[in-house]
Protein chains: 2
Amino acid sequence: MLTAKQQQLLVFIQERLAENGVSPSFDEMKDALGLKSKSGVHRLVNALEERGFIRRMANRARALEVLKMPEKLSGTAASNVVAGNFGSAGPRSIPSRDDQGVEIPLHGRIAAGTPIEALENRDSFVSIPPGMLGRGNCYALEVSGDSMVELGILDGDTVVIESTDTARDGEVVVALVDREEATLKTLRRNGQFIELVPANRDYSTQVLEAKRVQVQGRLVGLLRQYH
Amino acid sequence: MLTAKQQQLLVFIQERLAENGVSPSFDEMKDALGLKSKSGVHRLVNALEERGFIRRMANRARALEVLKMPEKLSGTAASNVVAGNFGSAGPRSIPSRDDQGVEIPLHGRIAAGTPIEALENRDSFVSIPPGMLGRGNCYALEVSGDSMVELGILDGDTVVIESTDTARDGEVVVALVDREEATLKTLRRNGQFIELVPANRDYSTQVLEAKRVQVQGRLVGLLRQYH
DNA sequence: TCGGTATGTTCTCTTTTAGTTCACCTTTTG
DNA sequence: CAAAAGGTGAACTAAAAGAGAACATACCGA
């Protein structure tokens, strides 16, 4: 599953976390691998993240988390959660995890077809597999409406959203329009405009000036329950 | 199920992964099998993937993963694991539960379009929200194929199955046909016959005598991960 | 609020390693 | 015998990895 370098880095990260609970910086990883530039580390970290071995928060220092280890080494696998930047502003809680799963808050419903339903804060949580986490804070929404059925997102599904204010072309995002109406749609950039594309022939694409649209998060997972 | 060469290669891959957690390259596999060209290895790897013994990430180097081993060899190779909490099978057959989540075994892939894939023996688990459990024993399968897309079940999704040998009309079930071919389909009773209905216009309904069809479980949940 | 320090991110270039495909031949097996 | 599996070699494409620099962001303290 891993290349030699990826494995070497993963082991190093995991050791550092076990030793002192602080994840190494890119420079430290660079030195540990005997490199002269940290861009290579960056690539390795991305590869590990892509393969589901670690998780990280974007643009946060020393915010690596080991999700699993290759089987050979699994005896030492730990679930250290460490965020750097202690004592700074913001309630930046990384969801706690144990070996079973991760709990994330359920923030209400999102009408995939029309408007928002303001985020509520009843104490409601769902647990998801650790691998389904994105990089940042995650929360869940219940899908209402059928505008995304052609992408397999049905009315009543629970979607896992990673908080972010940026998204790449083609990603499914929670988009807030005119600061009042949130929907789940595929995002497309088109010059000055942003297109919010539904996945249902009965709905049409909204084309909006970029400034009217605010990305609130991107889709990273989906849960469905059959009755 | 496997040819001699396929088996030989599978064992080699599994050994390498157990030894150092790094999957072998095509060249290394070529040497291990005493070949002079790696195109043969390519064919063998494809065969193993097609039969569900391994999984690989498309266009990634050294990204092989062993999903199961032929029955007669199971256990042999994993014996290198020292004291992992991963490799040990443990008395885990009864799903442990707490308030966080539940771990259920991942039993392999099910080709929603065509044949079965025998249950494997790797200790692989996914955690799911407690509410997603059915009443009986549950396990997970990875969906392969697109025959259920119109019900929002996509290739690569993980489905949660509750073991049962009965199902009501209209439920989505894992059905074993002639004791050898399992598929995920909507079940319909029609007098003496049972219809296995796909959710994709490109596939057609199978109509079978009731005695040829055995229900193995019913669909109770679905998980999907976006990348 | 400003600027400095520490960190993370991107980009371009280069080399090395690895995966894919194709045409053609040989062996095994039902 | 015919079909399937296996083997060879070469050309081609793509990914992994390393370097170095510029740039962006977060944080901290004055």
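So that the names make sense, note that chain A is the first sequence line, chain B the second, and so on, each numbered from 1.
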Asker: To the nearest Å, give me how far apart CZ (A:F26) and P (C:dT5) are.
Answerer: 22 Å
Asker: More than 12 foreign heavy atoms under 6.0 Å from CD of A:E19: is that the case here?
Answerer: yes
Asker: Side chain of B:R56 only, heavy atoms from C-beta on: which candidate in C:dG8, C:dT9, C:dT20 is closest?
Answerer: C:dT20
Asker: Between atom CG in A:D27 and atom C1' in C:dT7, what is the gap in whole Å?
Answerer: 8 Å
Asker: Using modelled atom types only, decide if a donor and an acceptor are shared between the side chain of B:D155 and the backbone of B:G145 within a distance under 3.5 Å.
Answerer: yes
Asker: For B:V143, does its backbone N or O pair with a side-chain atom of B:D157 as donor and acceptor, under 3.5 Å?
Answerer: no
Asker: Which residues pass the side-chain hydrogen bond (donor to acceptor under 3.5 Å, both in side chains) test with B:Q206, not counting sequence neighbours?
Answerer: none
Asker: May I have the distance from B:L48 (atom CG) to D:dA5 (atom P), rounded to whole angstrom?
Answerer: 12 Å
Asker: Enumerate, atom names and distances included, each donor-acceptor pair closer than 3.5 Å involving a side-chain atom of residues 37-45 of chain B, sequence neighbours excluded.
Answerer:
from  : atom 1 : to    : atom 2 : distance (Å)
B:S37 : OG     : B:S39 : N      : 3.2
B:S37 : OG     : B:S39 : OG     : 3.1
B:H42 : ND1    : B:N46 : ND2    : 3.4

Asker: Under 3.5 Å, which N/O atoms of the protein pair with N/O atoms of nucleotides 25-30 of chain C?
Answerer:
none

Asker: Treating primed atoms plus P, OP1 and OP2 as sugar-phosphate and everything else as base, which nucleotides of nucleotides 6-25 of chain D get B, S or - for protein heavy atoms under 4.0 Å?
Answerer: BBBB-----SSBBBB-----
Asker: So, are A:R189 and A:E195 salt-bridged, with charged N and O less than 4.0 Å apart?
Answerer: no
Asker: Roughly what angle, to 10°, lies between the helix axis at the start of the helix from C:dT1-D:dA30 to C:dG30-D:dC1 and the one at its end, five pairs per end?
Answerer: 60°
Asker: Going by an N to O cut-off under 4.0 Å, is there a salt bridge joining A:E28 and A:R16?
Answerer: yes
Asker: Counting only N and O atoms by type, is there a donor-acceptor contact under 3.5 Å from the side chain of B:S23 to the main-chain atoms of B:R62?
Answerer: yes
Asker: Does B:H42 place a side-chain N or O at less than 4.0 Å from the phosphate oxygens OP1/OP2 of C:dG19?
Answerer: no
Asker: Which whole-number value in Å describes the distance from A:M57 CE to C:dT7 C1'?
Answerer: 15 Å
Asker: Does any pair with a residue in residues 210-219 of chain A pass salt bridge (Lys or Arg N to Asp or Glu O under 4.0 Å), and if so which ones, sequence neighbours excluded?
Answerer: A:E162-A:R218, A:E171-A:R218, A:D178-A:R212, A:E209-A:K211
Asker: Could you tell me the separation between the CE atom of B:M29 and the P atom of C:dT17, rounded to a whole number of Å?
Answerer: 17 Å
Asker: Does any part of the side chain of A:I194, heavy atoms only, come nearer than 4.5 Å to the side chain of A:R188, both counted from C-beta?
Answerer: no
Asker: Can any side-chain N or O of B:E150 pair as donor or acceptor with the backbone N or O of B:R201 at less than 3.5 Å?
Answerer: yes
